[in-house]
Structure formats: C-alpha cells, structure tokens
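Scroll down for the structure; my scribbles are underneath it.
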Protein chains: 2
Amino acid sequence: MSITIKDIAQIAGVSYSTVSKALNNSPLVKKDTKDKIIAIAKEMGYEPNFAAQRLVSKRTKLVGLIWPTIERVVLATLVTKISDEIRKTPYSMILSVDPIEASLETFRKFQVDGIILFEEEGDRMIETHPIPLLSYGVSGKTFSPFPIIDANHGQAMHDAIQYLYELGHRKIAYIGDISSKDPMQLAKYNGFIQAAKKYKLAVDPHYLVNTEGLDWYNGYSAAKKLISHSPLPTAVVGGSYDISSGIIRGLKENQLDIPKDISIISYDNIPQMANLEIPLTAIGVPVDQLAKEIVHTMIQQIEEQDSEPTVKKLQPLLHERASCTSVKA
Amino acid sequence: MSITIKDIAQIAGVSYSTVSKALNNSPLVKKDTKDKIIAIAKEMGYEPNFAAQRLVSKRTKLVGLIWPTIERVVLATLVTKISDEIRKTPYSMILSVDPIEASLETFRKFQVDGIILFEEEGDRMIETHPIPLLSYGVSGKTFSPFPIIDANHGQAMHDAIQYLYELGHRKIAYIGDISSKDPMQLAKYNGFIQAAKKYKLAVDPHYLVNTEGLDWYNGYSAAKKLISHSPLPTAVVGGSYDISSGIIRGLKENQLDIPKDISIISYDNIPQMANLEIPLTAIGVPVDQLAKEIVHTMIQQIEEQDSEPTVKKLQPLLHERASCTSVKA
DNA sequence: TTGAAAGCGCTACCAT
DNA sequence: ATGGTAGCGCTTTCAA
C-alpha cells in the first residue's frame with residue numbers, strides 16, 4: 001500500500017484536506033504549512049493516486065497519440081519530441097500502435113482529454129467524436145472541424161528553391177515520392193513545381209524523379225537515375241530525410257562531390273541531418289517547434305472548449321550546413 | 001457526463017450493486033436480470049469508468065511497455081503484435097517512448113501492474129523495482145531477477161545451417177552486424193560460428209561479413225563486399241530482415257539469381273519476409289509466438305506473485321519460401 | 001487559514 | 001437473488 005495524503009496529514013498534524021490544498025499549491029494555505037507539508041510529502045516519497053485524482057476531477061490530463069503506421073525516422077523523432085514536450089506540462093501522453101478505430105476505443109476507455117493524430121485519418125469517423133482532436137498534416141481544405149498543424153510543405157519548397165536560386169542555381173532537380181496519395185508528399189512536389197515556375201526555372205522532365213517510396217534505397221536509385229541523363233542539375237532537392245541520405249550515397253558512388261559538383265538540400269528539419277555522411281542543409285519546420293506547436297495547441301483546445309479549431313500553418317526554417325554552394329551563372 | 005451504473009440501475013429497476021455484479025458476470029445474479037442489464041448497458045453505450053474501477057480494485061490492469069530506441073521494422077512489428085495480444089486480455093497496454101528512467105517514472109504514476117522492456121536495460125536500477133518486469137532479450141546469465149523471453153538466436157542459426165547443410169551447401173556465408181555489443185547480434189554470430197564448426201564447414205574469413213549496422217544499406221554493401229571475393233559461397237545467412245533485404249538488392253545488382261546462383265536464408269521470422277522482392281526463407285521464433293509468450297508470461301508474473309521468474313528460451317521455426325535451393329555436392 | 005464532509009463511480013461485503 | 005452500504009484517495013465546497 002503506497003502512502004496517501006492521510007498519512008501525510010497525520011505526520012504533519014493537519015487535516016488531509018489541508019494537505020490536498022498544499023500539494024496543489026492552493027493560495028488558501030499558509031506558506032509555512034505548505035512548505036512543511038510539501039517537505040514531508042517529498043520525504044515520504046508520496047505519489048498522488050492517479051485514479052483517485054481522475055475520478056474526482058473529471059479531467060484525466062491525458063492525451064492520446066495514435067502512432068503513425070509508417071515507420072520513419074522523422075516521425076519517430078516527432079513523437080519523441082511531442083512526448084518530451086508533454087512531459088513539461090501537467091499532462092501525460094499515452095501512445096497507441098493500434099489501428100485508428102481500436103486506438104479510439106482505447107482512448108475512450110482511458111477517457112483521454114485529447115487525441116493527436118497524424119494526417120487525414122481523422123477526417124472520417126471522427127467528426128462526431130466528442131474528444132478534442134488535433135491533427136498534424138496538410139490542411140487541404142481551409143476549414144476543418146478540428147485544428148490542424150500544417151508544416152507548410154509548399155512554402156518550404158519555395159524557400160529551398162529561392163535559396164538555391166540566390167546561390168545561382170538554375171538547374172534544380174527534385175527527388176521525392178509522388179507515387180502515393182500522401183498529401184504531404186504531394187504538397188512538397190506541388191510546392192516545388194510552383195516555385196520553379198515562379199523563378200522561371202526550366203524544369204527538364206528528368207529533373208523530377210519519382211522515388212516511388214520513402215526508403216533510403218528509393219532515394220539512392222532515384223539519384224542514380226537522375227545522373228544517368230545529362231545535363232546534370234547543379235542542385236537537387238531531396239524530399240525527405242531518408243530519401244536524401246540515399247541520394248548522398250548514390251551521388252558519392254558516382255564520384256560526384258557534394259557540394260562541389262552538385263548541391264543538395266533536403267526536406268525535414270531534424271537534427272539528424274547533421275549526422276549523415278555529409279551534413280545536409282535542410283528546410284522545414286524544426287521538429288522541436290512542430291512538437292511544441294502540436295502540444296500547445298492540443299492543450300489549448302482542451303482547456304478552452306470554445307476556442308475555434310484553427311488551421312495553423314507553420315513557418316519553415318532553412319538550416320544551412322555545408323551541402324550547398326554557389327554557382328556562377 | 002457519461003453514463004454510470006446508477007443510470008443503468010434506474011432504468012433496469014434494480015440496485016446499482018446488482019448492475020455492478022451483472023456487468024462483471026457474477027454468478028450471484030439471475031440470468032434473466034443479468035441479460036436485461038447487459039442489454040440496457042449496451043444500448044445506453046455504457047463504458048465503465050476506468051479511474052473508479054482502478055481506485056477500488058488495487059490492480060490497474062495496465063502493462064507498460066518501453067519502446068525500444070532502435071528503429072527496426074521487426075521491433076515495430078513485435079510491439080504491434082504485443083499490443084494485439086494484450087487487447088485480447090483484460091489488460092491494457094501503455095507505451096512510453098521516453099528513456100528508461102522517465103518511462104519508469106510515468107509507469108509508476110500510472111501504477112501499471114507490469115512492465116515489459118527490451119533487452120538488458122532492465123538490469124541496472126530495476127533490481128529494486130517492485131513492479132513485475134519482463135524482458136525480451138538474450139539470457140546471458142541463467143539466473144535473472146525477472147523473467148526473460150529469449151528468442152534463442154543461437155539455436156536459430158544452428159537450424160539455419162542444418163537446413164542449408166542438408167540441402168547440400170558447404171560454403172555458407174554470414175552477413176550480420178557484430179560491431180556493437182548488442183547481445184542479440186552477438187548471439188546470432190556466435191551461433192553461426194558454433195554451428196559451422198559442428199557441421200565442419202570451412203568458413204573462409206571473407207564469408208563472415210560484418211555489416212557494422214542494421215540498415216538496409218549495410219546489408220547491401222556487405223553483400224557487394226562478399227561477392228567481390230571468390231569463391232562465392234553457395235548460400236548466405238542474413239542477420240536480420242533489413243540486412244537481408246539489402247543483400248537481395250546487392251546480389252541482384254550483380255546479376256546473381258536467388259536461389260539459382262546463391263541461396264539465402266534470413267533471421268527474423270516475420271510475415272513481411274514474404275513481401276520482399278524475393279520472398280525469403282526465414283528462421284526465428286515467429287513474431288506472433290514471441291508476442292504471445294511475452295504477454296502470457298507477463299500476466300502470469302503479475303497474477304501469481306510467487307511464480308519463479310523463469311528464463312524462457314523459445315524454439316525458432318524455419319519458414320520455407322523460395323530463396324533456398326539444393327546444391328549438388 | 002484550517003478542518004469537516006460530501007461525493008466522484010465503482011467493487012465487495014453483509015444483510016435481506 | 002438482490003439491495004444496502006462502506007470505502008478506495010482525492011478535490012472541493014462550506015463551515016469554523
């Protein structure tokens with residue numbers, strides 16, 4: 001049997017309701033008493049009984065996160081960061097690896113206060129769901145019944161191209177996955193196309209390489225395919241962390257020096273970019289900020305029931321490393 | 001406010017303690033009443049209040065699982081299967097992606113009844129931990145303060161070699177990661193060496209290729225390295241799912257036909273083996289069985305406090321697909 | 001500023 | 001077979 005506020009009350013010589021207040025930092029308790037009680041609690045190794053707390057205050061202070069099915073380093077990083085972020089708040093996070101329906105079932109059982117999910121899956125059955133929801137993804141429609149955190153992939157691609165353009169690049173290739181209906185992938189691709197148009201780049205069709213997958217190897221093969229045609233581009237934009245790491249290998253295996261022969265910039269602004277064979281300049285909303293925004297918005301949504309579900313487009317950031325160089329016009 | 005047993009009691013015209021019994025399928029309630037109550041409960045969409053249940057019955061029926069840091073398809077599959085398995089029991093699982101210390105903190109807060117973790121990390125501080133623990137890993141020492149589920153990697157390698165031997169293979173290579181101190185990787189490597197000795201195979205040093213990593217690409221490079229020397233082996237044992245998928249690519253890129261030119265068998269008995277470019281014959285404890293065993297043992301450990309923490313070595317199974325062929329001596 | 005007491009939803013025991 | 005009730009540990013009035 002673990003120790004309860006009654007035990008503390010006994011030792012401290014106060015009533016247990018006072019202990020409760022003290023532990024919750026209520027202003028209704030004299031500072032002396034409060035300090036004493038807190039000290040005793042700590043000394044006794046008191047841990048509040050979660051179930052009891054939840055029972056009485058209808059909030060569970062629990063957020064559920066549905067683990068995305070796709071295995072990606074970036075997503076794993078994001079989930080971890082979200083977890084870190086939540087740990088700084090009074091909330092706790094529980095994860096479910098089950099398919100969405102089963103996850104919702106579990107979360108309902110735990111009576112979580114809010115649910116975070118990744119991309120679209122939300123759309124379907126969830127409209128009716130009473131639990132505050134938040135989705136990380138692409139805000140296709142400008143209206144949504146629940147808030148969406150959007151990493152603004154299109155903007156990111158624009159910024160990448162602008163950056164390369166200003167370095168003098170005119171022949172820029174895009175290597176990414178556009179085989180699926182994944183809105184994030186499409187948003188990147190479309191963003192590239194649009195920005196290329198804006199900067200009047202002549203995009204040779206073979207500068208657009210569809211990796212048809214998100215794996216390392218897909219980027220690797222795509223890179224080889226890209227350099228099998230001439231003229232070679234002077235820069236390439238990689239669609240994701242994994243893809244770009246494959247591109248590096250593909251280029252290196254063909255004795256192409258990065259960035260001397262070819263510059264490369266990658267989508268996904270995660271710290272791991274620095275640990276690749278060649279640290280890559282990257283574009284995207286920094287994963288920490290993404291996590292912060294997701295958690296913050298989720299909690300706000302929970303605590304202010306009336307707050308409008310907003311679609312929040314975040315600002316991508318360009319993180320320079322040594323993988324791009326300027327080129328004479 | 002969601003509905004409670006009192007609401008049900010009112011509708012059913014019985015006391016709420018009767019409802020509680022009925023819902024818990026107590027034999028103390030007449031079948032008629034029970035059926036009626038259950039029907040009403042279902043109709044009203046009743047969900048028991050988790051917190052209240054937990055508060056009164058000291059068990060939480062919660063199992064915590066610490067998500068392994070290493071990103072592997074196989075582990076993700078295992079975690080998912082464990083989740084599926086737990087969903088069949090009265091228990092629920094919560095996942096933590098935090099580092100072990102923080103995870104334990106969280107789990108203590110949730111007052112989980114048991115904790116599952118992957119490999120050794122348990123050893124350290126956990127000795128003192130009062131919560132039943134179970135580890136999936138390698139049972140180096142035969143004694144352990146908590147139960148260990150061991151996939152018996154050594155035996156698996158033995159079985160693989162026996163299989164190949166009986167097909168007539170005498171030149172067998174091993175491609176796997178032996179650069180880290182990961183006991184699972186070492187167990188496989190050592191198992192290979194031992195079995196090779198047993199079958200009196202002359203293991204040319206270049207038949208042992210250290211991938212120095214667990215990624216696809218590591219297997220790919222290793223395969224290329226392997227075939228750069230002659231004589232080529234007639235069969236190769238891949239150390240893991242990812243590694244083997246890299247091996248396939250490496251061999252194919254060099255116009256080597258599987259299994260005509262070279263047979264391949266991979267560790268990791270997961271269904272995904274069938275979806276590779278070339279469906280691979282695989283050896284290992286089937287992931288479903290692993291999950292079943294882990295969950296079953298965990299629950300037993302929780303419910304029978306006195307049960308001895310056993311080290312359970314599981315029996316690997318060889319799943320034949322079309323990647324191995326016999327060879328004339 | 002502190003204490004007493006109600007009650008969250010449920011299980012389990014005792015009474016009927 | 002069913003009902004009444006205590007109490008799990010806590011928060012939150014309300015009273016002192």
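Quick caveat, the model's predicted, so the values are computed rather than measured. These values consider heavy atoms only, across backbone and side chains, with no hydrogens, waters or symmetry-generated copies. In the text below, chain A, chain B and the rest are named by the order of the sequence lines, each starting its count at 1.
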With a 4.5 Å cut-off on side-chain heavy atoms, are Tyr136(B) and Ile116(B) touching?
no
Smallest heavy-atom separation, Asp268(B) atom then Tyr241(B) atom, equals OD2-N, 2.9 Å
Residues which pass side-chain contact (heavy atoms from CB on, under 4.5 Å) with Thr297(B), listed by chain and number, not counting sequence neighbours
Leu134(B), Pro147(B), Ile149(B), Glu293(B), Lys312(B)
Enumerate the residue pairs fulfilling side chain to side chain donor-acceptor pair (under 3.5 Å) with a member in residues 74-84 of chain B, sequence neighbours excluded, ordered by first and then second residue.
Asp98(A)-Ser83(B), Thr77(B)-Gln272(B), Lys81(B)-Asp288(B), Asp84(B)-Arg87(B)
Give a yes or no answer on whether the side chain of Asp7(B) reaches the backbone of Ile3(B) with a donor-acceptor pair at less than 3.5 Å.
no
Which pairs, with at least one residue in residues 35-56 of chain B and sequence neighbours excluded, count as a side chain to side chain donor-acceptor pair (under 3.5 Å)?
Lys31(B)-Asp35(B)
Please give, in whole Å, the distance from dC10(D) C1' to Gln111(B) CD?
12 Å
In chain order, what residues pass the side-chain contact (heavy atoms from CB on, under 4.5 Å) check against Gln315(B), with sequence neighbours excluded?
Gln155(B), Asp159(B)
Given side chains that start at C-beta, do those of Val285(B) and Asn269(B) come closer than 4.5 Å, heavy atoms only?
no
Taking side-chain contact (heavy atoms from CB on, under 4.5 Å) as the test, write out the residues that go with Phe110(A), two or more places apart.
Leu62(A), Ile94(A), Thr106(A), Val112(A), Phe50(B), Leu62(B), Ser92(B), Ile94(B)
So, OP1 or OP2 of dG3(C): does either fall under 4.0 Å of a side-chain N or O from Ser17(A)?
no
Which part of the nucleic acid, if any, lies within contact of Ser57(B), taking any heavy atom under 4.0 Å across all strands shown: a base, the sugar-phosphate backbone alone, or nothing?
nothing
Contacts to DNA chain C from residues 25-34 of chain A, heavy-atom cutoff under 4.0 Å, which residues?
Leu28(A), Val29(A), Lys30(A), Thr33(A)
To the nearest Å, give me how far apart CD1 (Ile37(A)) and P (dC10(D)) are.
13 Å
Measure from the side chain of Lys21(B), starting at C-beta and using heavy atoms only, and say which of dG9(C), dT2(C), dT2(D) lies closest.
dT2(D)
Considering residues at least two apart in sequence or located in another chain, which fulfil the side-chain hydrogen bond (donor to acceptor under 3.5 Å, both in side chains) criterion with Gln10(A)?
none
Run the side-chain contact (heavy atoms from CB on, under 4.5 Å) test against Lys313(A) and tell me which residues pass, sequence neighbours left out.
Ser139(A), Asp150(A), Asn152(A)
With sequence neighbours excluded, what pairs up with Gln111(B) under the side-chain hydrogen bond (donor to acceptor under 3.5 Å, both in side chains) test?
none
Could you identify which residues of residues 5-15 of chain B place a heavy atom less than 4.0 Å from some atom of DNA chain C, listed by residue number, or say none?
Ile5(B)
Strictly below 4.0 Å, heavy-atom distances to any atom of DNA chain D: list the hits from residues 45-56 of chain B, or just say none.
Leu55(B), Val56(B)
Counting N and O atoms only, with roles assigned by atom type, does the side chain of Thr18(A) sit under 3.5 Å from a partner on the main chain of Val14(A), one being a donor and the other an acceptor?
no
Could you give the angle between the helix axes at the two ends of the helix from dT1(C)-dA16(D) to dT16(C)-dA1(D), with five pairs per end, rounded to 10 degrees?
50°
